[in-house]
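Count residues from 1 along the sequence. Computed from a predicted structure; not experimentally measured.
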Amino acid sequence: MALNTSLPGTNTIRKVSLVAGIFAIAMGVGFFMQQSGAEAAYTAGMVSAPVPVSPDAASEGATPVPALATAGDTPALIEEVAMAPVPTDEAVASAALGMAGPGEETLDAFTDASDALIGETPDLAAAAGGCEPQMSADVRNAALVMLSIYAPCNAGEVFTLHHEGMMFSAQTASDGNASLMAPALSADAIFIAAFEGGVGALAEADVPAVEDYARVVLQWRGAGGFEIHAMEYGANYGEPGHVWYDAPRTASAAAAGEGGFLMALGDGRVAEPRFAQVYTFPILSAPRAGTVALSVEAEVTAVNCATEMDAQTLERTEESGLKIVDLTLSLPECEAIGDFLVLKNLLSDLTLQTG
């Protein structure tokens, strides 16, 4: 079941819908494969937006694939995954740093030790006074926070940055320092840098501007090859309103109300890295009314083919605060290397209003 389409001056694009049971997720997701490689190209400006393929649209030489289930005809292979509650920052601190439960003296002591760093950028080396890691938070434009970490006894070590359920990997330099920019997901933002062995640092930041932005997170562990694609105001692939990894735009553009931007977080040089992509749009200063269509794509590579990949999405909503959805994706065999799996309806589209 395939549909051959082409754009003037480009190679033919073949799009094939996939077996419905290839994934398990807590909501309905439209799912498509986008062929690339010698017979098709996946480059900006050469691919039109993915569209559903009907069972009747079989092209010559294409192998029929069962169509996705429709409402009321969901196969047993599509499993519901429980909506995991987002852990509180106190619970993350307790688990990540090997401390007792929230509210106990060890957590209080850890928080007290970080109080000197909250809301300012002090001399971290002087504040550390030994081996205890220290972290400061400095609020920037577009509800971003610059985090500065000083961990003299953890030089060159990997740590995981935690914030409101978001997690990604980073590493200190040879002097134990690290600086990284992170998007805030709450106005009263708590960030935790957790090293192995129960060592870590905590910092807080007051970020009221977070309410001015819509922000969605896609995160995974290992070589997943996931991507967020945002199509602003009906933009197509390769057009100026198509925001993704290769066309991320800037935070300053969002702060000026010109459109959204994408951040790619995580250090791929470390073992078993955690990655996150975060898309942000200035909803209170949208240039005009319209819609931002959001989708998730996963490339089939030599590293992940014929395997299962796990990912999570986090979305801030007015109704329920932060919503998290777990995703398990079964990748095709390695003959499909170079293809892209396109997941529609995994992330909620943004409806923009002005005035």
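More than 12 heavy atoms of other residues, nucleotides or ligands sit less than 6.0 Å from atom CD of Glu211.
Side-chain polar atoms of Arg274 and Ser169 form no donor-acceptor pair below 3.5 angstrom. Between Asp310 and Thr328, the side chains place a donor N or O and an acceptor N or O closer than 3.5 Å (distance only, hydrogens not considered).
What you find for Val210 and Ala187 is that their closest heavy atoms are CG1-N, 3.5 Å. Summarising the geometry of Pro183 relative to Phe191, their closest heavy-atom pair is O-CE2, 4.3 Å, with the distance given to 0.1 Å. Summarising the geometry of Ala189 relative to Val207, their closest heavy-atom pair is CB-CG2, 4.2 Å, with the distance given to 0.1 Å. Looking at every heavy atom in both residues, Met146 comes nearest to Leu180 through SD-O, 3.5 Å. In plain terms, the two heavy atoms of Ser148 and Ser179 that are nearest each other are OG-OG, 4.0 Å. For the residue pair Tyr233 and Arg288, the shortest heavy atom distance occurs at OH-O, 2.6 Å.
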*Yes or no on side-chain contact (heavy atoms from CB on, under 4.5 Å) for His229 and Tyr237, after CA distance, side-chain angles and deciding distance?*
CA-CA 9 Å; His229 287 255; Tyr237 281 83; 4.1 Å; yes
*Could you walk me through whether Tyr279 and Leu347 pass the side-chain contact (heavy atoms from CB on, under 4.5 Å) check?*
CA-CA 11 Å; Tyr279 174 73; Leu347 295 170; over 6 Å; no
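A distance of 11.5 Å separates CZ in Phe281 from CZ in Phe261, rounded to the nearest 0.5 Å.
In this structure the side chain of Leu265 never reaches within 4.5 angstrom of the side chain of Gln219, judged on heavy atoms.
For the side chain to side chain contact (heavy atoms under 4.5 Å, CB included) test with Val216, the passing option among Leu346, Val296, Leu294, Leu314 is Leu294; the others fail.
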